[in-house]
Amino acid sequence: MVKAGKPANVARPEGAGAVQRIELPNSLAVRQLAEALEVDVIDIIKRLMRNGIMANINQVLDFDTARAIVRGYGYEARLKPQPRAGQTRRQRPPSADKETLQPRPPVVTVMGHVDHGKTRLLDAIRQTNVMEGEAGGITQHIGAYQVTINGQKITFLDTPGHEAFTNMRAHGAQITDITILVVAADDGVMPQTQEAISHARAAGVPIVVAINKIDKPNANPDLVKQQLADAGLVVEEWGGDVICVPISAKEKLGIEELLENLLVVAEMEDLMADPSRPAIGVVIEARMDKAKGSLATVLVQSGTLRPGDTVVVGTTWGRVRALFNDQGKRVKKAEPATPIEILGLNSVPQAGDTLVTVPDDREAQALVERRKQDSQETSLAARGVNLHNLHDQISSGRVKELNVIIKTDVQGSLEPIRASLERLATDKVKVRIIHSGTGRVTESDVMLAIASKGLVLGFGVDSEEGAKRLAATRGVDIRHYNVIYSLIDEMDKALKGMLDPVYEEVVEGQAEVRAVFAAKGNKIAGVYVTQGKVSRGATLRVRRGAEVILEQGAVSSLKRFKDDVKEAVAGYECGIGIKDFNDVQVGDVLEFYKSQKVT
Ligand code: GDP
């Protein structure tokens with residue numbers, strides 16, 4: 001049953017996590033956008049960079065671009081009527097106006113615990129549509145598809161699960177408007193159900209619950225509703241605001257009702273885009289086809305994509321030679337929220353890459369170059385918070401909310417940790433627990449931390465190998481504790497910037513001892529610098545074969561010929577005296593290092 005006019009069937013994080021509306025003009029400068037959002041302008045510039053737009057703080061952004069950016073902060077933008085049309089970045093016709101904004105289909109993701117019927121539901125939805133007499137036939141799998149219900153379209157992403165969802169977010173692309181949470185009526189809320197809820201909430205995406213497998217004799221939808229309420233999702237029938245539809249993906253029961261309810265949510269979300277502008281989109285999946293070459297499935301987010309358009313996708317580009325829809329049919333255009341397969345890119349992009357349309361090949365190549373150069377910087381800039389840089393990030397206004405994921409050994413540890421952490425909030429920063437659960441720290445936890453710029457705290461548990469690797473490469477801080485007091489104390493100190501600094505060793509250079517001389521009773525090593533540089537200020541280690549003979553030495557003299565020098569670089573010889581160490585031998589290796597504060 002469709003329930004129009006209810007406030008929101010939306011499960012959102014409390015407080016600042018809730019999606020708020022914001023009115024934006026047709027165009028505005030980056031600085032104005034930062035002021036409107038009360039966020040650091042640098043953060044906005046980084047987000048723009050991640051979307052392939054190189055902007056300074058005075059850069060003027062058009063509404064669609066600003067809208068995409070504010071979404072990342074949990075805001076839904078509306079166009080503010082503007083007396084004077086501003087200059088848009090891409091010199092679009094002054095059409096990017098209210099009249100050109102049109103409602104667009106919602107983009108829906110299916111999440112839930114393994115075996116609860118996500119795949120079967122996606123199949124059932126696809127088939128329902130075919131039975132309705134749609135242009136159907138054999139549906140080609142392109143990673144997403146569209147169905148029509150009551151004359152309105154809905155786009156489904158065909159990769160179910162919160163991992164795919166958060167993977168896209170971690171890549172800087174949030175494309176989902178609504179999540180269907182599938183819960184099997186005979187199994188109830190399970191760990192991955194909990195995870196899916198946390199992942200959707202962290203992204204501020206509304207949840208519609210589908211209680212599946214109601215055909216089963218042991219189905220117990222009421223128990224599921226109870227468990228959902230415990231997890232913070234109170235269904236409408238119990239006075240909450242979460243739409244819940246009983247379904248059977250197997251028997252195809254309740255599918256239409258589910259789709260109708262998605263339309264209700266979509267309407268409340270007021271999803272709009274401007275089909276008259278050049279297309280912007282996100283890659284859902286891409287592959288190399290032996291016969292056709294690079295094929296990329298892209299979700300067009302705004303504008304219209306047409307054959308002949310020149311596009312930059314991630315760090316590749318090309319002229320669109322042909323477009324194929326989800327039925328495998330060649331089409332002339334793809335409008336907002338349409339998944340489309342593109343033929344014509346020069347190489348295979350990555351899922352999550354952004355597509356932008358550019359005027360010509362030259363601009364395409366220039367943008368690709370810029371993106372390549374920036375990708376290194378951006379990946380560094382995009383590093384999340386860690387306990388050591390936290391205070392700086394808070395002071396500079398970059399972090400107002402500390403997103404935390406907690407994993408514990410037993411359920412009983414969660415509550416005291418949660419309560420103590422929430423009490424640590426200061427007037428500058430709130431601690432927000434975006435996910436908690438029992439068990440080891442998983443890749444999915446780390447992915448959520450990346451997507452939400454958060455920290456992972458493990459209490460009485462360790463991390464899976466994959467999680468450690470991912471955390472190391474993406475700069476996510478995972479902390480492990482066994483005593484609640486230590487956890488709280490360290491977090492408290494980090495928030496206040498009182499944590500003892502941690503130092504890491506940075507090797508500056510290496511030298512080989514080729515001769516030993518005696519000078520005023522001291523031995524001088526005649527060395528050849530093999531790597532980097534050796535300098536007076538560095539600490540030095542003496543290695544003899546596999547053994548370390550001296551761990552922390554200091555340079556007492558450094559000479560080239562007879563002259564004192566400050567440093568000598570690779571390829572040069574010099575004489576080195578080591579303070580309070582007279583045992584240097586030919587063949588020893590001297591390693592020079594400095595301790596650097598980890599930030
Ligand atoms: P996923 O892991 O969430 O994608 O789950 P699947 O869609 O693969 O479904 C897992 C199992 O549950 C399969 O054997 C399905 O046939 C079965 N299943 C899915 N939906 C239903 C349903 O509505 N009723 C019944 N009885 N079985 C279902």
Side-chain angles (χ1 to χ4, degrees), residues 1 11 107-132 139-145 147 149 154-168 176 178-201 203 205 207-225 227-228 231 233 235 242-262 284-285 297 326 339 351 435 437 439 442-445 447-448 466:
M1 194 179 62
V107 179
V108 180
T109 305
V110 177
M111 300 200 216
H113 195 72
V114 64
D115 279 348
H116 279 198
K118 300 181 290 293
T119 313
R120 189 98 192 222
L121 172 62
L122 279 162
D123 289 346
I125 292 171
R126 203 192 273 121
Q127 285 163 22
T128 305
N129 192 56
V130 172
M131 284 196 296
E132 268 196 352
T139 307
Q140 175 158 327
H141 176 91
I142 64 162
Y145 64 84
V147 299
I149 179 106
I154 305 177
T155 304
F156 285 90
L157 297 180
D158 220 356
T159 319
H162 54 271
E163 293 83 0
F165 170 85
T166 298
N167 206 347
M168 284 293 235
T176 303
I178 307 169
T179 288
I180 299 178
L181 180 70
V182 177
V183 190
D186 61 341
D187 202 22
V189 170
M190 297 302 279
Q192 285 164 16
T193 319
Q194 295 271 12
E195 282 186 24
I197 296 171
S198 301
H199 284 234
R201 284 180 155 175
V205 172
I207 295 171
V208 170
V209 175
I211 300 189
N212 191 29
K213 307 198 188 184
I214 50 158
D215 59 286
K216 286 199 146 185
N218 55 342
N220 190 349
D222 276 340
L223 179 62
V224 174
K225 287 174 199 165
Q227 293 169 333
L228 285 169
L233 297 182
V235 299
V242 177
I243 288 184
C244 172
V245 186
I247 63 159
S248 164
K250 186 176 165 213
E251 308 287 338
K252 303 203 176 55
L253 297 172
I255 306 294
E256 286 201 11
E257 195 186 338
L258 178 64
L259 297 179
E260 283 166 358
N261 276 293
L262 292 173
I284 300 169
E285 60 181 24
T297 301
D326 54 356
H435 176 62
T442 63
E443 253 177 79
S444 166
D445 297 326
M447 205 52 106
L448 181 59

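Read the numbers this way: they start at 1 and go in the same order the structure lists the ligands and their atoms.
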With the side chain counted from C-beta on, respond yes when Val235 and Leu233 share a heavy-atom pair under 4.5 Å apart, and no when they do not. no
Heavy-atom distance under 4.5 Å between the side chains of Thr179 and His162, does that happen here?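 A side-chain contact under 4.5 Å is absent here.
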Among protein heavy atoms, which sits nearest to [atom], and what does the distance come to when rounded to 0.1 Å?
atom	value
atom 17 (C) of ligand 1	Lys213 NZ, 4.0 Å
atom 15 (C) of ligand 1	Arg120 NH1, 3.9 Å
atom 4 (O) of ligand 1	Thr119 OG1, 2.5 Å
atom 23 (O) of ligand 1	Ala249 N, 2.9 Å
atom 6 (P) of ligand 1	Gly117 CA, 3.7 Å

Backbone, side chain, both or neither: what part of Asn212 comes under 4.0 angstrom of ligand 1, heavy atoms only? side chain
At under 4.0 Å between heavy atoms, what of Asp215 touches ligand 1? The answer is side chain
Protein heavy atom under 4.0 angstrom of atom 13 (C) of ligand 1, is there one?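 There is no protein heavy atom less than 4.0 Å from atom 13 (C) of ligand 1.
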Any nitrogen or oxygen of [X], main chain or side chain, under 3.5 Å from a nitrogen or oxygen of ligand 1?
X	result
Glu251	no
Lys216	no
Leu121	no

So, the side chain of Tyr145 versus the backbone of Leu122: is there a donor-acceptor pair under 3.5 Å, distance only? yes
Sort out for me which residue in Asp186, Asn212, Asp187 forms a side chain to side chain donor-acceptor pair (under 3.5 Å) with His116. Asp187
May I ask you to decide whether Arg126 forms a salt bridge with Asp123, counting only side-chain N to carboxylate O separations under 4.0 Å? yes
Give the atoms of ligand 1, by number and element, whose distance to some non-hydrogen atom of Asp115 is under 4.0 Å. 1 (P), 2 (O), 3 (O), 5 (O), 10 (C), 12 (O)
Atoms in ligand 1 with a heavy atom of His113 nearer than 4.0 Å: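 Taking each heavy atom of His113 in turn, ligand 1 has 3 (O) under 4.0 Å.
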Apply side chain to side chain contact (heavy atoms under 4.5 Å, CB included) to Asn220 and Asn218, showing your working. CA-CA 6 Å; Asn220 190 349; Asn218 55 342; over 6 Å; no
